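Here the structure comes first, spelled out in structure tokens, and everything after it is commentary.
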Number of protein chains: 4
Amino acid sequence: MENSKPVSKAALRRQREREQRYRTILDAAETLFARKGYQQTSMDEIADQAEVSVGTVYFYFKKKEDLLIALLKEIGFDIRKLLGTEFKKAEASMDGLKNAGLAYFKNFCLQYPEKISIFFRESVGQSQAVEKQRKRYLVQLTGDITDALIRIRNKRQISYASHLSEELMAVCIVGIYERVACHYLLWDDRSEDIMTVARDAVSFTLSGVEGLVDPPETAD
Amino acid sequence: MENSKPVSKAALRRQREREQRYRTILDAAETLFARKGYQQTSMDEIADQAEVSVGTVYFYFKKKEDLLIALLKEIGFDIRKLLGTEFKKAEASMDGLKNAGLAYFKNFCLQYPEKISIFFRESVGQSQAVEKQRKRYLVQLTGDITDALIRIRNKRQISYASHLSEELMAVCIVGIYERVACHYLLWDDRSEDIMTVARDAVSFTLSGVEGLVDPPETAD
Amino acid sequence: MENSKPVSKAALRRQREREQRYRTILDAAETLFARKGYQQTSMDEIADQAEVSVGTVYFYFKKKEDLLIALLKEIGFDIRKLLGTEFKKAEASMDGLKNAGLAYFKNFCLQYPEKISIFFRESVGQSQAVEKQRKRYLVQLTGDITDALIRIRNKRQISYASHLSEELMAVCIVGIYERVACHYLLWDDRSEDIMTVARDAVSFTLSGVEGLVDPPETAD
Amino acid sequence: MENSKPVSKAALRRQREREQRYRTILDAAETLFARKGYQQTSMDEIADQAEVSVGTVYFYFKKKEDLLIALLKEIGFDIRKLLGTEFKKAEASMDGLKNAGLAYFKNFCLQYPEKISIFFRESVGQSQAVEKQRKRYLVQLTGDITDALIRIRNKRQISYASHLSEELMAVCIVGIYERVACHYLLWDDRSEDIMTVARDAVSFTLSGVEGLVDPPETAD
DNA sequence: CATGAATGAGTCTTCATTCAT
DNA sequence: CATGAATGAAGACTCATTCAT
């Protein structure tokens with residue numbers, strides 16, 4: 001019994017250390033990809049920044065792409081979690097959509113502009129494998145929003161203009177939040193205006209959705 | 001008198017030939033960038049496709065980037081012309097916005113999906129120089145839409161939610177048209193649904209704009 | 001008779017123009033080779049500087065090397081002429097050697113530092129063909145000095161240390177004048193000190209020669 | 001205690017191997033630059049000759065220039081060491097100068113003609129960076145000789161013609177030894193005559209120096 | 001597991017030279 | 001003769017990836 005423990009303790013430490021290394025490397029990649037661009041960052045630089053050797057980077061990530069894909073996955077997951085939380089708080093109502101939008105700008109874009117840079121810029125126009133993953137995560141995101149819109153529709157007992165409308169709206173919403181973030185954070189750094197912008201963008205979104213409700217809710 | 005410019009004939013032909021070459025090369029680049037991706041296309045391949053030597057490609061374009069930037073410029077210009085035309089036809093009204101949106105999908109996206117690919121995908125995440133030009137052309141586009149919104153505002157004697165609203169709406173509209181095009185043409189090829197999607201996207205856009213009108217037009 | 005003249009007039013003009021072109025191009029090359037270096041100067045740049053087309057440059061000089069070789073020849077010839085004149089003025093005496101050295105610094109190095117740059121720097125370390133010509137002109141120069149030394153020897157009825165001495169001394173003299181010019185004109189621009197330097201260098205040279213006289217002139 | 005540095009063994013071997021590789025590559029470059037010329041030698045050829053890959057060459061030398069500069073440095077250092085040794089052996093006397101000259105021809109030029117080729121030919125007329133280093137090492141060499149001449153002057157309590165004389169003489173000496181080596185080893189291979197030539201060149205040098213002593217040593 | 005030297009395919013880019021007009 | 005667009009071989013350099021220690 002006793003000597004089964006020491007092993008597991010060491011093993012646990014190892015496990016912990018390995019996870020730390022993984023994180024360190026991924027963080028290094030995130031920092032550099034955001035600062036210099038994916039193409040302009042070499043594996044050596046990432047190893048340097050993470051204070052490990054190239055070999056070690058390759059132990060955790062088989063290819064350079066994998067770093068980008070892992071980041072993509074993490075960021076996609078974070079955004080979905082954020083939205084999911086807000087959708088849940090205000091179950092199946094337009095408020096969920098509204099709060100999710102505001103939270104995205106306030107708690108995500110402003111906090112982690114480098115993640116925006118990676119998700120919406122550095123991961124675009126790279127290899128096919130990256131594009132595939134990028135599509136996967138953005139489609140999931142779109143799916144989440146589509147689902148939320150469907151729940152809202154069901155609850156409000158309304159229908160939308162066409163059978164494609166829910167998904168289309170979700171796509172529009174993603175497009176808005178993508179471009180607004182890029183425009184006001186990556187191109188012009190207007191961080192101080194971001195919440196004004198956010199409110200307008202959310203308004204735009206909500207009105208856009210309402211505009212596709214069909215037939216209009218008849219207040220009888 | 002006429003033969004006082006004997007140069008012109010030969011010179012004109014040369015000029016014409018030069019322009020043709022330029023076009024041939026740019027077309028080759030467009031095709032390949034859209035098909036294989038910017039990074040994955042080598043200058044030799046472009047030369048091959050254009051049926052000239054690498055040297056000739058470099059005679060017309062000093063660097064590989066310059067090909068992408070030239071394409072960016074052309075495409076940006078084409079989109080602006082399309083929108084400008086529609087805005088002018090329905091002077092300062094929401095119809096202009098509507099028709100411009102529909103025309104974009106019908107007369108641009110469907111006709112030249114490869115241009116969409118270059119403008120919204122292949123030119124992203126490349127070098128700084130490309131990003132700079134990309135920003136330039138997208139900001140111009142946003143400016144055009146902003147101006148149109150301002151003209152509409154003036155004509156209707158309304159105002160919008162905040163001092164940033166016009167620009168913000170323009171950014172949203174660009175985001176929508178970008179993402180919708182990518183989603184339905186590059187990711188899923190749902191060309192046949194595109195006009196349904198387009199109508200919904202336009203509706204979404206118009207409602208979005210209306211939603212930011214403030215104070216609401218008083219129905220007297 | 002009469003109509004044989006017009007032809008020859010035009011022909012003469014042509015001839016003159018051709019020679020002017022040749023000069024213009026060679027001057028352009030000289031300027032650029034001295035300013036930017038032979039390797040760093042392209043044929044296009046030379047054409048530009050000479051205000052002609054590349055094709056024209058190639059009409060007068062079949063290869064890029066030929067420009068350098070032509071310059072080498074000219075410069076070599078100029079130096080030999082300068083030395084020859086001084087040698088002749090002070091027939092077969094050490095004064096000839098002295099005056100030639102002073103004239104070299106005063107009337108050549110100071111006037112045409114760019115020729116020094118080409119003769120002693122830009123034409124070194126290039127292709128085999130250039131090296132061959134460079135050797136040819138420097139060997140001629142050495143030969144001239146050797147001959148002068150032999151004439152002096154004969155006149156003074158002396159002999160030198162070994163059968164190789166005359167040539168060796170000439171080689172030394174060429175080496176001195178080469179390095180001094182490079183050192184004080186191309187590396188440090190100490191043009192204002194050049195005549196002091198020149199006097200010392202000439203003294204050094206003359207003493208060097210005297211030192212190899214053997215047996216020493218017995219002052220009886 | 002001993003095994004507190006278990007790294008050292010493996011690390012030392014690595015260090016040694018690295019240095020060997022560095023040498024192998026530099027030797028390959030030296031051989032090829034001397035045989036074919038700097039310009040005419042490609043990095044691939046150097047890699048081939050050194051039996052490594054191009055990548056490895058670039059691992060040790062960031063640019064092609066760096067190979068030449070490293071060679072320049074080594075050769076410059078070797079020559080200075082040789083001279084320094086002779087100067088020291090015959091402290092502050094003309095014998096030092098004499099022996100240094102003879103040693104240069106006997107122990108350097110004859111042994112390593114390829115180094116002469118690189119130092120005095122292949123490194124001339126290349127890029128600015130190379131020229132800069134070349135100047136640096138030749139100026140150091142000149143400085144060494146200048147210092148020796150000053151020490152001799154002090155010991156003998158004499159002075160030279162002008163305040164520039166020491167440096168000027170050093171420049172002359174460098175010029176002589178440069179040109180003589182090139183003339184009799186690179187242009188005509190007269191290796192068998194080299195020691196005769198050397199003696200004459202040394203005589204020339206010594207007399208040259210004496211000639212600039214001023215006022216002449218008073219024969220008491 | 002970590003290291004970092006080694007690999008070499010791949011690419012952009014340059015530029016001397018040619019030749020049809 | 002002059003022009004300048006076209007050629008394409010050649011070469012420097014990069015960097016993702018591997019692997020022996």
Side-chain angles (χ1 to χ4, degrees), chain A residues 14 17-18 21 39-48 51-67 127, chain B residues 7 9-11 13-15 17-18 21-22 25 39-47 51-65 67, chain C residues 14 17-18 21 39-48 51-67 127, chain D residues 7 9-11 13-15 17-18 21-22 25 39-48 51-67:
Chain A
R14 290 234 174 130
E17 280 175 5
R18 238 187 303 157
R21 276 268 158 79
Q39 296 284 347
Q40 286 70 37
T41 302
S42 73
M43 290 301 264
D44 283 82
E45 284 173 306
I46 294 168
D48 253 31
E51 298 180 313
V52 296
S53 66
V54 237
T56 303
V57 176
Y58 273 91
F59 178 79
Y60 291 95
F61 301 90
K62 294 299 151 235
K63 299 155 76 194
K64 191 186 177 189
E65 281 182 342
D66 292 352
L67 280 161
S127 66
Chain B
V7 237
K9 256 186 199 162
R13 185 173 44 69
R14 281 213 171 168
Q15 175 71 8
E17 278 174 5
R18 255 220 314 252
R21 272 277 156 77
Y22 181 93
I25 294 168
Q39 296 284 346
Q40 287 70 38
T41 303
S42 75
M43 289 301 265
D44 285 83
E45 285 172 308
I46 295 169
E51 297 180 310
V52 295
S53 66
V54 230
T56 301
V57 176
Y58 275 93
F59 183 80
Y60 290 94
F61 301 90
K62 295 296 154 241
K63 301 195 283 171
K64 193 184 175 191
E65 277 184 344
L67 280 162
Chain C
R14 289 234 175 133
E17 279 176 2
R18 238 188 302 158
R21 275 269 159 82
Q39 296 284 346
Q40 286 70 38
T41 302
S42 72
M43 291 300 265
D44 284 82
E45 285 172 305
I46 294 169
D48 253 32
E51 298 180 311
V52 297
S53 66
V54 238
T56 302
V57 176
Y58 272 91
F59 178 77
Y60 290 95
F61 300 90
K62 294 300 153 235
K63 300 157 76 197
K64 192 187 176 189
E65 280 181 341
D66 292 352
L67 280 161
S127 65
Chain D
V7 239
K9 256 186 199 161
R13 185 173 43 71
R14 282 214 171 167
Q15 176 71 8
E17 279 174 5
R18 253 220 314 252
R21 272 279 155 75
Y22 181 93
I25 294 169
Q39 295 286 345
Q40 286 70 38
T41 302
S42 76
M43 289 301 263
D44 284 82
E45 285 172 306
I46 294 169
D48 259 26
E51 297 181 310
V52 296
S53 66
V54 229
T56 301
V57 177
Y58 276 94
F59 183 80
Y60 289 94
F61 301 90
K62 295 297 152 241
K63 302 195 282 172
K64 193 186 176 191
E65 277 184 343
D66 292 353
L67 280 162

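Worth saying up front: this structure is predicted, and the values here are computed from it rather than measured. Chain letters run A, B, ... following the sequence lines, proteins first, then strands; residues in each count from 1.
Residue A/Arg21 places at least one side-chain N or O closer than 4.0 Å to OP1 or OP2 of E/dA2. Within the structure, every side-chain polar atom (N or O) of B/Arg13 is placed at least 4.0 Å from both OP1 and OP2 of E/dT21. Taking side-chain N and O atoms only, D/Tyr58 has no distance below 4.0 Å to OP1 or OP2 of E/dG8.
Note that CZ of B/Arg18 is 9.0 Å distant from CZ of B/Arg14, once rounded to the nearest 0.5 Å. The distance from atom OH of C/Tyr58 to atom CD1 of C/Ile46, rounded to the nearest 0.5 Å, is 8.5 Å. Within the model, atoms CZ of B/Phe61 and CE of B/Met43 stand 9.0 Å from one another, a figure rounded to the nearest 0.5 Å. Between atom CZ of residue D/Phe59 and atom OG of residue D/Ser53 there is a gap of 11.0 Å, rounded to the nearest 0.5 Å.
B/Tyr60 comes within 4.0 angstrom of sugar-phosphate atoms only, judged by non-hydrogen atoms across all strands, and of no base. A/Ser127 comes within 4.0 angstrom of no nucleic acid atom, judged by non-hydrogen atoms across all strands. Among the protein residues, A/Thr56 comes within range of the nucleic acid bases, having at least one heavy atom under 4.0 Å from a base atom.
Summary of the strand contacts: B/Val54 and C/Lys62 both lie near DNA chain E, and taking for each the nucleotide with the nearest heavy atom, the more 5' one is attributed to B/Val54. Map D/Lys63 and B/Phe59 each onto its nearest nucleotide of DNA chain F; the residue landing nearer the 5' end is B/Phe59. Nearer the 5' end of DNA chain E, as judged by each residue's closest nucleotide, is the contact made by D/Gly55, out of C/Gln40 and D/Gly55. Heavy-atom nearest nucleotides on DNA chain F were determined for C/Glu51 and for D/Arg14, and the one closer to the 5' end corresponds to C/Glu51.
Following rounding to the nearest Å, B/Asp44 (CG) and F/dT7 (P) show an atom-to-atom distance of 13 Å. Straight-line distance from the CD atom of B/Gln39 to the P atom of E/dG10: 16 Å, rounded to whole Å. The interatomic distance linking B/Met43 (CE) with F/dT7 (P) rounds to 14 Å, in whole Å. The separation between B/Lys64 atom NZ and E/dT14 atom C1' is 17 Å, rounded to whole Å. In this entry the distance linking CZ of C/Phe61 with C1' of E/dT18 reads 18 Å, nearest Å. Rounding to whole angstrom units, CG of residue C/Asp48 and P of E/dC15 are separated by 14 Å. When rounded to the nearest whole Å, the span between CD of B/Gln15 and C1' of F/dA5 equals 13 Å. Atoms CD (B/Glu65) and C1' (E/dC12) sit 12 Å apart, rounded to a whole Å.
Remark: C/Glu51 CD is loosely packed, at most 12 non-hydrogen atoms of other residues, nucleotides or ligands lying under 6.0 Å away.
In this entry F/dC1 has no Watson-Crick or G-U wobble partner, no candidate having both defining distances under 3.5 Å. Under the Watson-Crick or G-U wobble criterion, with both distances below 3.5 Å, E/dC15 is paired with F/dG8.
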